[in-house]
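Okay, structure first, notes after.
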Amino acid sequence: MRRLPRGFYRRDSRELAPLLLGKVLIVGRRRARIVEVEAYAGTEDPGSHAYRGQTKRNAVMFGPPGHLYVYFTYGMHWCANVVSSVEGVGQAVLLRGAAPIAGLEEMRAARPAARRDRDLCSGPARLCQALGIGPSEDGADLVRPAPGGPWLADDGTPPPLEPAVSTRIGLTRGAEHPWRWYIAGDPNVSR
DNA sequence: ACCGGGATGTTCT
DNA sequence: GAACATCCCGGTG
């Protein structure tokens, strides 16, 4: 289990996103393999929180790469992004789906509504709930993680040679760009 | 299986 | 006021 170095994140979000497929997100004893991601391309991307420039909410997106941008939406859900590119450019990759690997008892306790294990992390807000990611993880450094804090690992599993591609989910503006990547056929991909 | 609606509060117009 | 990078539940087939 090798921690991903800062340089790994220092690329365009549309290049980084498919490279995150197969990587392992770790929070405490809970581990899940990323199977679905979306790229958000910064101030030129109408679908991105960064489109209208830096605000208090999206400030982490404009910071250095390799940090977690966590935001609140629909009055009740938290979603997590990996900040990419370089400082000053508001790019990030949304984590939309993951396959539970370890700490499943903790995940089930955190997600009582999940009827099957494939429902634990199959969605951006589900994934955060299962792993215990919330406002206190906004800005967390994945390269030099706090004890028990979130980090990303490479366990030798290569990203898929030809990941499935589609348009992004849930957007009205910027919905035409094919910036969603996922592992075809994986049951942990969101519906 | 699929579909429709409600929850809930921050952010922006 | 409206929109929102969503999820859950209860209806019907």
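Hydrogens, waters and symmetry mates are skipped; everything else that's a heavy atom, side chains included, is used. Residue numbers begin at 1 in each chain, while the letters A, B, ... track the order of the sequences.
- Residue A:S190 is classed as having no contact, given no heavy-atom separation below 4.0 Å to the nucleic acid.
- Atom-to-atom, NZ of A:K56 to P of B:dT10 comes out at 12 Å; the value is rounded to the nearest Å.
- In this structure, of C:dT6, C:dA5, B:dG9, it is B:dG9 that holds the atom nearest to the side chain of A:F72.
- The partner of B:dT8, taking Watson-Crick or G-U wobble pairs whose two distances both stay under 3.5 Å, does not exist in any strand shown.
- Here the C1' atom of nucleotide C:dT6 and the CD atom of A:E38 are 12 Å apart, to the nearest Å.
- The distance from atom CG of A:L171 to atom P of C:dA3 is 15 Å, rounded to the nearest whole Å.
- The shortest distance between side-chain heavy atoms of A:W78 and A:P135 falls below 4.5 Å.
- A sub-4.0 Å separation between OP1 or OP2 of C:dC8 and a side-chain N or O of A:R126 is present.
- Residue A:S48 is the one, among A:S48 and A:R111, whose nearest nucleotide of DNA chain C lies closer to the 5' end (criterion: closest heavy atom).
- When A:R173, A:Q91, A:R168, A:R14 are each tested for a side-chain hydrogen bond (donor to acceptor under 3.5 Å, both in side chains) with A:D45, only one passes: A:R168.
- Below the 3.5 angstrom threshold, one finds no donor paired with an acceptor across the side chain of A:Y74 and the base of B:dA7.
- The listed nucleotides are C:dT6, B:dT10, C:dC9; the one nearest the side chain of A:A113 is C:dC9.
- Following rounding to the nearest Å, A:H49 (NE2) and C:dT6 (P) show an atom-to-atom distance of 9 Å.
- Looking at heavy-atom distances under 4.0 Å, A:G47 makes contact with a base.
- Rounded to an integer number of Å, the gap from A:M76 CE to C:dC4 P is 16 Å.
- Looking only at side-chain heavy atoms (C-beta outward), A:K23 and A:P159 come within less than 4.5 Å of each other.
- For the pair A:L94 and A:R115, both in contact range of DNA chain C, the more 5′-proximal nearest nucleotide belongs to A:L94.
- The nearest whole Å value for the distance from the CG atom in A:N58 to the P atom in B:dT10 is 17 Å.
- Spacing between atom CD of A:Q54 and atom P of B:dC12 amounts to 12 Å, rounded to whole angstrom units.
- An OP1 or OP2 oxygen of B:dT13 is reached within less than 4.0 angstrom by a side-chain nitrogen or oxygen of A:R52.
- Residue-environment remark: CZ (A:R57) exceeds the threshold of 12 foreign heavy atoms within 6.0 Å.
- Note: A:L152 CG to A:M1 CE = 10.0 Å, rounded to the nearest 0.5 Å.
- Atom CZ in A:R191 sits roughly 14 Å away from atom P in B:dC3 (whole-Å rounding).
- Nucleotides B:dG6 and C:dA2, compared at atom P, are 16 Å apart to the nearest Å.
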